[in-house]
Amino acid sequence: MKVLVVEDEPVLREGLVDLLKGAGHAVQAVADGVAAVNWGVQTGFDLVVLDLMLPRLDGLEVCQQLRKARPGLPILMLTAKGSEEDKVRGLKSGGDDYVTKPFGARELLARIDALG
């Protein structure tokens with residue numbers, strides 16, 4: 001699967017890239033919301049792993065723009081925002097799944113496989 005990782009924290013972004021590549025996925029990573037929309041709309045990704053607290057454009061807006069441009073693109077939100085209200089807002093904005101940080105690597109990979 002070709003996965004777009006959108007995460008502004010460099011260490012976590014690199015860790016996600018390594019995890020996904022190790023599982024056999026092709027990965028592109030970006031660090032802000034504007035880049036996420038540009039890459040997500042123009043490139044044929046199979047799935048987006050999306051942080052919500054991003055510079056330049058927040059993850060909810062990124063999700064909504066990607067959903068308009070590519071309605072069938074699976075979006076997994078990966079965020080520290082873990083309240084029920086946050087989860088409902090994320091899913092209602094167009095997310096297909098919602099995982100809170102910290103997360104288990106095997107669970108994340110299983111959720112990505114389920115969406116792919």
Side-chain angles (χ1 to χ4, degrees):
M1 223 180 339
K2 190 172 181 185
V3 180
L4 176 62
V5 171
V6 185
E7 172 60 58
D8 63 324
E9 172 56 44
V11 173
L12 182 53
R13 185 174 59 245
E14 291 169 15
L16 287 167
V17 168
D18 290 345
L19 176 68
L20 293 170
K21 283 185 176 180
H25 300 291
V27 183
Q28 173 66 46
V30 296
D32 68 71
V34 173
V37 171
N38 290 337
W39 277 90
V41 169
Q42 299 176 13
T43 310
F45 289 98
D46 301 309
L47 179 126
V48 177
V49 175
L50 177 64
D51 186 17
L52 294 184
M53 295 181 285
L54 296 167
R56 298 181 61 197
L57 189 65
D58 74 55
L60 293 176
E61 182 63 29
V62 170
C63 183
Q64 291 167 357
Q65 289 189 31
L66 290 177
R67 191 56 72 220
K68 285 179 190 173
R70 298 199 47 213
L73 177 65
I75 299 171
L76 183 148
M77 295 178 168
L78 181 64
T79 180
K81 292 184 162 203
S83 74
E84 182 180 15
E85 183 178 317
D86 289 324
K87 292 174 186 177
V88 169
R89 187 178 308 119
L91 294 168
K92 285 191 172 190
S93 75
D96 295 295
D97 199 355
Y98 195 105
V99 177
T100 56
K101 299 172 187 173
F103 58 91
R106 292 184 320 154
E107 178 186 355
L108 181 64
L109 290 173
R111 289 176 179 267
I112 287 170
D113 289 345
L115 290 172

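The first residue of the sequence shown is numbered 1, and numbering continues consecutively from there.
Criterion: ILVMFWY side-chain heavy atoms under 4.5 Å apart, direct or through other members. Under it, Leu66 and Val34 are part of a common hydrophobic cluster. Placement of Val49 and Phe45 in two distinct hydrophobic clusters is found when ILVMFWY residues are connected by side-chain heavy-atom separations under 4.5 Å, directly or transitively. Cluster membership for Leu54 and Ile75, using ILVMFWY side-chain heavy atoms within less than 4.5 angstrom, is shared. Residues Leu20 and Leu115 are members of one and the same hydrophobic cluster, defined by side-chain heavy-atom contacts under 4.5 angstrom among Ile, Leu, Val, Met, Phe, Trp and Tyr. Both Val41 and Leu50 belong to a common hydrophobic cluster when Ile, Leu, Val, Met, Phe, Trp and Tyr are linked at side-chain heavy-atom distances under 4.5 angstrom.
The shortest distance between side-chain heavy atoms of Val62 and Val48 does not fall below 4.5 Å. Taking 4.5 Å as the limit, some side-chain heavy atom of Thr100 sits within range of a side-chain heavy atom of Lys87. Counting heavy atoms from C-beta on, the side chains of Asp113 and His25 come closer than 4.5 Å.
Considering only residues two or more places apart in sequence or on other chains, Leu19 meets the side chain to side chain contact (heavy atoms under 4.5 Å, CB included) condition with Ala105, Leu108, Leu109. Qualifying side chain to side chain contact (heavy atoms under 4.5 Å, CB included) partners for Val17, counting only residues two or more places apart in sequence or in other chains: Lys21, Val27, Ala29. Every residue two or more places apart in sequence or in another chain that forms a side chain to side chain contact (heavy atoms under 4.5 Å, CB included) with Asp86 is listed here: Lys81, Ser83, Arg89, Tyr98.
If you take CG on Asn38 and CG on Leu4, they are separated by 10.5 Å, rounding to the nearest 0.5 Å. Here Asp58 contributes atom CG and Cys63 contributes atom SG; the two are 10.0 Å apart, rounded to the nearest 0.5 Å. Distance CD/Glu9 to CE/Met53: 11.0 Å, rounded to 0.5 Å. The distance from the CD atom of Glu7 to the CG atom of Leu12 is 4.0 Å, given to the nearest 0.5 Å.
Checking side-chain atoms of Arg67 against main-chain N and O of Leu73 turns up a donor-acceptor pair under 3.5 Å. When atom types are taken as modelled, the side chain of Arg56 and the backbone of Gly33 share no donor-acceptor pair closer than 3.5 angstrom. Checked by atom type and distance alone, the side chain of Asp8 never pairs as donor or acceptor with a backbone atom of Asp32 at under 3.5 Å.
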### Query
For Met77 and Leu91, what are the C-alpha separation, side-chain angles and deciding distance, and is it a side-chain contact (heavy atoms from CB on, under 4.5 Å)?
CA-CA 9 Å; Met77 295 178 168; Leu91 294 168; 5.9 Å; no
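A salt bridge is absent between Arg111 and Asp96; no separation between the charged side-chain nitrogens and carboxylate oxygens falls under 4.0 Å. A salt bridge links Asp51 with Lys101: the closest approach of a Lys/Arg side-chain nitrogen to an acidic carboxylate oxygen falls below 4.0 angstrom.
Gly44 and Lys2 make their closest contact through O-CD, 3.8 Å (heavy atoms, listed as atom of the first residue, atom of the second, distance).
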